[in-house]
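Numbering of ligands and ligand atoms starts at 1, following listing order. These values consider heavy atoms only, across backbone and side chains, with no hydrogens, waters or symmetry-generated copies.
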Amino acid sequence: MKNYENVMVFNHPLINHKVAILRNEKTAMKEFRELIEEITMVMSYEAFKDAPTETVKVKTPLEVCDQKMIMDNSIAIIPILRAGLGMVNGVHNIFPSARVGHIGMYRDEETAIPHEYYCKLPEGIENMTAILLDPMLATGGSACDAITALKNRGVKKIKFMAIIGAPEGLAKVAETHPDVQIYVSTLDRQLNENYYILPGLGDAGDRLFGTK
Ligand code: PRP
Ligand code: URA
C-alpha cells in the first residue's frame, strides 16, 4: 500500500501479541472485550501526543510548581456504534474526563454501503478534538461517512482510530479526508467478496456483544 502522511500503522510487538489473541476464533467474549480495550489504551498514548494542554500551578508537599494538564472540554471520544463502543473504556481509562458522543452506522449486508441511524454529540464539539473509534476499517465507508458527519457539525480537528484496517479502506479514508490523522494497529491483507477483512477477526460487533 502507498504511504500516506496521515496514516500511522503501529505494528508494535505488544499490540501484535494482543491482536494474535484477538483474531483467534477460540477467544471468548470477555477476553475479546478486554483486548479491544487494552489495545485502544496503548494506541491512545500516541494519538493523544498532541492533546491541547494548559499550564497550571500545583502545590506539592514541598513547593508550588508549574505543571501541564490536558485542557478541560478539549477532547471528545466518538465511538461508531456498535463495535466502537468496545474501545471507549480504553480511552476513558487514561483520560476519564473526555466527553463521549455517539454515531450509529450500519453497513448494508449486500452492498456494504453505510447508513447513519443515530448521532448525539457533546455540546461545544466544534472546539474539541474528536477521536472517532471503530475497531474495523473495511471498505472505509463507515469511517468516511462518520468523519463527514462530524465535519458537517462543525468539528475541525478529527482523528480516527481502528484496530484492524484493510488496505482498500485505509486508502479511501486517507485520500477522502487528508486532514484526518488515522491510527491503525494492524494492516491486514484484503477484503473478501462480502467486504470482510482477511485474515481479520470476523464480525467485531458480534464478538464484542455475543449477538452470534
Ligand atoms: C462494522 C464495523 C464498522 C464497519 C466497517 O460495523 O464495526 O463500523 O462494519 O466496515 P466499512 O469500513 O466497510 O464501513 P457494522 O455495520 O457491521 O455494524 P455493527 O458495528 O453494528 O455490527
Ligand atoms: N466489520 C467487521 O466487524 N468485520 C469485518 O471484517 C468487516 C467489517
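Side chains of T129 and S74 form no contact here, defined as non-hydrogen atoms less than 4.5 Å apart.
Under a 4.0 Å heavy-atom criterion, Y106 is in contact with ligand 1. For G169, the closest heavy-atom approach to ligand 1 does not fall below 4.0 Å. R207 does not count as a contact of ligand 2, since none of its heavy atoms falls under 4.0 Å from the ligand.
Using a 3.5 Å distance cut-off with no hydrogens or angles, the side chains of E175 and Y4 do pair a donor with an acceptor. If you check the side chains of D179 and N6, you find no donor sitting under 3.5 Å from an acceptor. Donor-acceptor pairing under 3.5 Å is lacking for the side chains of T55 and D66. In the model, T211 has a side-chain atom that pairs as donor or acceptor with a side-chain atom of R82 under 3.5 Å.
The closest protein non-hydrogen atom to atom 6 (O) of ligand 2 is I197 N, 2.8 Å. Nearest to atom 8 (O) of ligand 1 among the protein's heavy atoms is D134 OD2, 2.4 Å. Summary of contacts: the protein heavy atom closest to atom 18 (O) of ligand 1 is M105 O, 3.9 Å. Among all protein heavy atoms, the one lying closest to atom 3 (O) of ligand 2 is A204 N, 2.8 Å. From the protein, the heavy atom lying nearest to atom 4 (N) of ligand 2 is G202 O, 2.8 Å. The protein atom (non-hydrogen) at minimum distance from atom 17 (O) of ligand 1 is D203 OD2, 4.3 Å. For atom 13 (O) of ligand 1, the nearest protein heavy atom (residue, atom name, distance) is T139 OG1, 2.6 Å. Atom 5 (C) of ligand 2 has as its closest protein heavy atom Y196 CD2, 3.3 Å.
Contact annotation for A83 and ligand 1: heavy atoms of both the backbone and the side chain come within less than 4.0 Å of the ligand.
Listed by number with element, the atoms of ligand 2 under 4.0 angstrom from any heavy atom of Y195 are 7 (C). The contact set between ligand 2 and R107, taken as ligand atoms under 4.0 Å from a residue heavy atom, comprises 7 (C), 8 (C). Against a heavy-atom cut-off of under 4.0 Å, M136 is close to the following atoms of ligand 2: 1 (N), 2 (C), 3 (O), 4 (N), 5 (C), 6 (O). Less than 4.0 angstrom separates some heavy atom of A138 from each of these atoms of ligand 2: 7 (C), 8 (C).
With hydrophobic clusters built from ILVMFWY side chains whose heavy atoms lie under 4.5 angstrom apart, V173 shares a cluster with I158.
Residues P114 and M105 share a closest heavy-atom pair of CB-CE, 3.7 Å. In plain terms, the two heavy atoms of A143 and L132 that are nearest each other are O-CD2, 4.3 Å.
The number of heavy atoms from other shown groups lying within 6.0 Å of NE2 (H115) is above 12. Atom CG of N3 has 12 or fewer heavy atoms from other residues, nucleotides or ligands within 6.0 Å. Surrounding CE of M69 are at most 12 heavy atoms belonging to other residues, nucleotides or ligands under 6.0 Å away.
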As a quick check of understanding, evaluate side-chain contact (heavy atoms from CB on, under 4.5 Å) for R23 and I164, giving each step before the final call. CA-CA 10 Å; R23 286 191 196 282; I164 309 271; 4.0 Å; yes

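The nearest protein heavy atom to atom 1 (C) of ligand 1 is not closer than 4.0 Å. Proximity of atom 6 (O) of ligand 1 to the protein is not indicated, since no non-hydrogen protein atom lies closer than 4.0 angstrom.
Nearest-residue assignment for atom 14 (O) of ligand 1 (options S142, P135, G104; heavy-atom criterion): S142. Of the candidates R107, R207, H115, M136, the one placing a heavy atom closest to atom 10 (O) of ligand 1 is R107.
By the 6.0 Å and 45° rule, R107 stacks over the aromatic ring of Y196.
Close N/O approach between G140 and ligand 1 is found [any backbone or side-chain N/O within under 3.5 Å]. Checked by distance only, ligand 1 and R82 come closer than 3.5 Å through their nitrogen or oxygen atoms.
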